[in-house]
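Shown next, in structure tokens, is the structure this report addresses.
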Amino acid sequence: PPPPSSGGGSSGGEESVERGPLETDLELNQRLIDAASTDTSQPGFQLFMSPHVNPILALGSYVYVTNTPNGTIDVLDADTRVVVQQIDVGLEPMSLAARPDSSELWVSNHVSDSVNVIDTAPDSPLLHTVVSVIDHLDLPAGETVFDEPAGIAFASNEKAYVALSQTNHVAVIDATTYEVTKLLHVPAQDPRAIAVVGDKLLVLPFESNNQTQLSGGTADGIDGDVCTFDAIEHVFTNNNVLSLNYVADIVKNPELPDRDLLVYDTSSEQLIETVEGLGTLLYGITVTENGQVVIAQTDARNDANGLAGSAGHGLAELENRPFLNQLSVVLCGTNDPCDTQASRIRLESPPPDQLGDGSALATPYSVVAIPDTSWIAGTAAGSDEVFIVDVNHQTLLTRHSVGATPRGITSLTLAGKPSLWTYNAVDNSISRLSIEEDASLTRVQTIALQDPRPETLKQGWHLFESARTST
């Protein structure tokens, strides 16, 4: 199919689809020949660049997981907890979503700039076969407008959305023809996690802000609050010595836009609401049966020691707490507008309290609603832990250790008993935990996935990702 335009477009609106050069039969044949001649016995790719958005998903009697370094989707039998099949996909698969009728599993390949469609209909002769690839290459130019796909969400069996994180767009896809029909412009940075609630598409930009900024202004506008230094003097007049013997201030400016959750109408594809004040780095999203949208996030304390230039603030004022690890909750009913007033669930005591060794729940990354309860389970990727909160009472109920850097979580009920499965990105494993009636957790098993990376490389990556090795 021809690629859609990646132009600017109006804020939040749809963008037209331009007809580019079609792939000729000769070009298609050459691409198939190149693919067939690929040596699949060679190690997979791992560039440490890809995030994850819902990398593990329970569907029917299987659990599917993105084996990111291996370039496969690994299929586990939920009862035996054994990998029964590996499905070759693109480079660095990082996100999964199931079609509403459970007949297909869609996979975002962050480096390949593509989405694989896998047949998951139990009675299909093509079960666990890639039946389509959505990539929108502009051949022979070799360019793509389908850049760094991330989260996937379905409005129906006929319509899907894919976040294109690099270009700040969401692609609207006809799920019957696998063609991109529109691009929605996202007026925020790096959309990754997305979800659909009723007739609303929820888009979560990863790199949001919390209204903090460098406090530069004009000489006649210095007020000691929002504007504390002469930006003209230090940026333009003395630009060559800007970084010498001068430290700027960081302050909170209530006039800055703070677009944290963008809400689109799934019929008109227009931006209809924006929710502010959710956090700074927005990782994961899930929706409860009651329409509570729960977001895993960290909020940067940029202004806690922001007056470095004018008041000499330093690490002491930061209190060794650069981020607050939290969940944000927005009420977003199926047929009602989203509530613009969000609440927050603290996963730790706030400053000035100092956290004990191993007590942090650092980098809340992925969340999932546990059916028939008011509980939300999440992963703390920087602490190698899983936690459960009661979203109605906004309290932390329990926590438990899992593998290295858990970035994905799914829930599955087996024989009437709920369980949690996490994807641990650094050691490329799955942890399975049982949930008791009091919300206590027991780790039942850790399942190692095939991994082409050297062990020393994984150890170094874990040191980088772990909050325990930072100050």
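Heads up: numbering here begins at 1 and tracks the sequence. The analysis underlying the following values was restricted to heavy atoms, covering all of them including side chains, and did not include hydrogens, waters or symmetry mates.
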Review point. Between Leu256 and Asn210, is a side-chain contact (heavy atoms from CB on, under 4.5 Å) present by the stated rule, with each step listed?
Key: CA-CA 9 Å; Leu256 278 180; Asn210 60 0; over 6 Å; no
Exercise for review: Assess whether side chain to side chain donor-acceptor pair (under 3.5 Å) is satisfied between Ser114 and Asp135, documenting all intermediate values.
Suggested key: CA-CA 4 Å; Ser114 64; Asp135 58 11; over 6 Å; no
Exercise for review: Mind running salt bridge (charged side-chain N to carboxylate O under 4.0 Å, His left out) on Glu465 and Arg407 for me, showing each step along the way?
Suggested key: CA-CA 11 Å; Glu465 293 281 350; Arg407 287 185 172 181; 3.2 Å; yes
Check your understanding: Run the side-chain contact (heavy atoms from CB on, under 4.5 Å) check on Trp375 and Thr288 step by step: do they pass?
Key -> CA-CA 9 Å; Trp375 300 346; Thr288 71; over 6 Å; no
Check your understanding: What do the steps show when you test Val368 against Ile376 for side-chain contact (heavy atoms from CB on, under 4.5 Å), and what is the final call?
Key -> CA-CA 6 Å; Val368 67; Ile376 296 292; over 6 Å; no
Exercise for review: Assess whether side chain to side chain donor-acceptor pair (under 3.5 Å) is satisfied between Gln297 and Ser328, documenting all intermediate values.
Suggested key: CA-CA 7 Å; Gln297 54 95 354; Ser328 292; 3.0 Å; yes
Exercise for review: Tell me, with the steps shown, if Thr395 and Asp390 meet side chain to side chain donor-acceptor pair (under 3.5 Å).
Suggested key: CA-CA 5 Å; Thr395 54; Asp390 187 314; 5.3 Å; no
Practice item. Let me see the working for Gln394 and Val389 under side-chain contact (heavy atoms from CB on, under 4.5 Å), right down to the final yes or no. Key: CA-CA 7 Å; Gln394 300 197 348; Val389 300; over 6 Å; no
**Study point:** Candidate pair Gln211 and Asn253, rule side chain to side chain donor-acceptor pair (under 3.5 Å), full reasoning
**Key:** CA-CA 5 Å; Gln211 298 182 312; Asn253 182 356; over 6 Å; no
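Looking only at distances, a side-chain donor or acceptor of Asp260 sits under 3.5 Å from a matching main-chain atom of Leu278. The backbone N or O of Gly416 lies less than 3.5 Å from no partner atom in the side chain of Thr413, so there is not a single donor-acceptor pair. Between the side chain of Thr120 and the main chain of Ser103, a donor-acceptor pair closer than 3.5 Å is present. Listed for the Thr373 side chain is a donor-acceptor partner under 3.5 Å among the backbone atoms of Ile370. Panel note: side chain Ser401, backbone Glu385; no donor-acceptor pair is recorded below 3.5 Å. With hydrogens and angles ignored, the 3.5 Å screen pairs no side-chain donor or acceptor of Asp336 with any backbone N or O of Leu331.
Nearest approach of His128 to Tyr64, heavy atoms of both residues: NE2-OH, 2.7 Å. For the residue pair Asn157 and Asp101, the shortest heavy atom distance occurs at OD1-N, 3.0 Å. When all heavy atoms are compared, the tightest approach of Pro191 to Val203 is CB-CG1, 3.8 Å. Minimum heavy-atom separation, Asp119 to Ser124: OD2-OG, 2.8 Å. The shortest non-hydrogen separation linking Pro93 to Val107 is CB-CG1, 3.8 Å. Scanning both residues, Val330 and Cys338, for their nearest heavy atoms gives CG1-CB, 4.4 Å.
Because its NZ or CZ atom is not both nearer than 6.0 Å to the ring centre of Phe387 and within 45° of the ring axis, Arg399 does not count as a cation-pi partner of that residue.
Taken to the nearest 0.5 Å, the OG1 atom of Thr167 stands 9.5 Å off from the CZ atom of Phe146. Note: Thr340 OG1 to Glu276 CD = 8.5 Å, rounded to the nearest 0.5 Å. Remark: Leu412 CG to Ser419 OG distance equals 4.5 Å, nearest 0.5 Å. Rounding to the nearest 0.5 angstrom, the gap separating the CG atom in Leu183 from the CG atom in Leu164 is 6.5 Å. In this structure, Leu420 CG and Thr442 OG1 are separated by 11.0 Å, a value rounded to the nearest 0.5 Å. Separation of atoms CD1 (Ile409) and OG1 (Thr379) is listed at 6.0 Å; rounding is to 0.5 Å.
Lys200 has its side chain within reach of Cys332: a pair of non-hydrogen atoms, C-beta onward, lies under 4.5 Å apart. Using a 4.5 Å cut-off on side-chain heavy atoms (C-beta onward), Val391 and Val294 make contact. Put simply, the side chain of Arg468 reaches to within 4.5 Å of the side chain of Asp384, judged on heavy atoms. By the 4.5 Å heavy-atom criterion applied to side chains, Leu91 and Asn109 are not counted as neighbours. At a threshold of 4.5 Å between non-hydrogen side-chain atoms, the residues Trp106 and Ile173 count as touching. In this structure, Phe154 and Val196 have side chains that are not in contact, with every pair of non-hydrogen atoms separated by 4.5 Å or more. Residues Leu76 and Val65 are in side-chain contact: their nearest non-hydrogen atoms beyond the backbone lie under 4.5 Å apart. Using a 4.5 Å cut-off on side-chain heavy atoms (C-beta onward), Ile295 and Leu327 make no contact.
Residues Tyr161 and His169 place their aromatic rings such that the two centres sit no closer than 6.0 Å.
A salt bridge does not link Glu437 to Lys417: none of the charged nitrogens lies less than 4.0 Å from a carboxylate oxygen. No salt bridge links Arg301 with Asp299; every basic N to acidic carboxylate O contact stays at or beyond 4.0 Å. Residues Glu158 and Arg99 are not paired through a salt bridge, judged by the lack of any N-O separation under 4.0 Å between the basic side chain and the carboxylate.
Judged by distance alone, the side chains of Gln445 and Arg81 do bring a donor and an acceptor atom under 3.5 Å apart. There is no side-chain donor-acceptor pair under 3.5 Å between Gln450 and Asp74. Looking at His52 and Ser95, their side chains never bring a donor and an acceptor atom within 3.5 Å of each other. Looking only at atom types and distance, the side chain of Ser429 has a donor-acceptor partner in the side chain of Asn424 under 3.5 Å away.
The environment of CZ in Arg344 is crowded: more than 12 heavy-atom neighbours from other residues, nucleotides or ligands sit within 6.0 Å.
For the side-chain hydrogen bond (donor to acceptor under 3.5 Å, both in side chains) with Tyr423, the lone residue among Thr66, Thr410, Asn428 that qualifies is Asn428.
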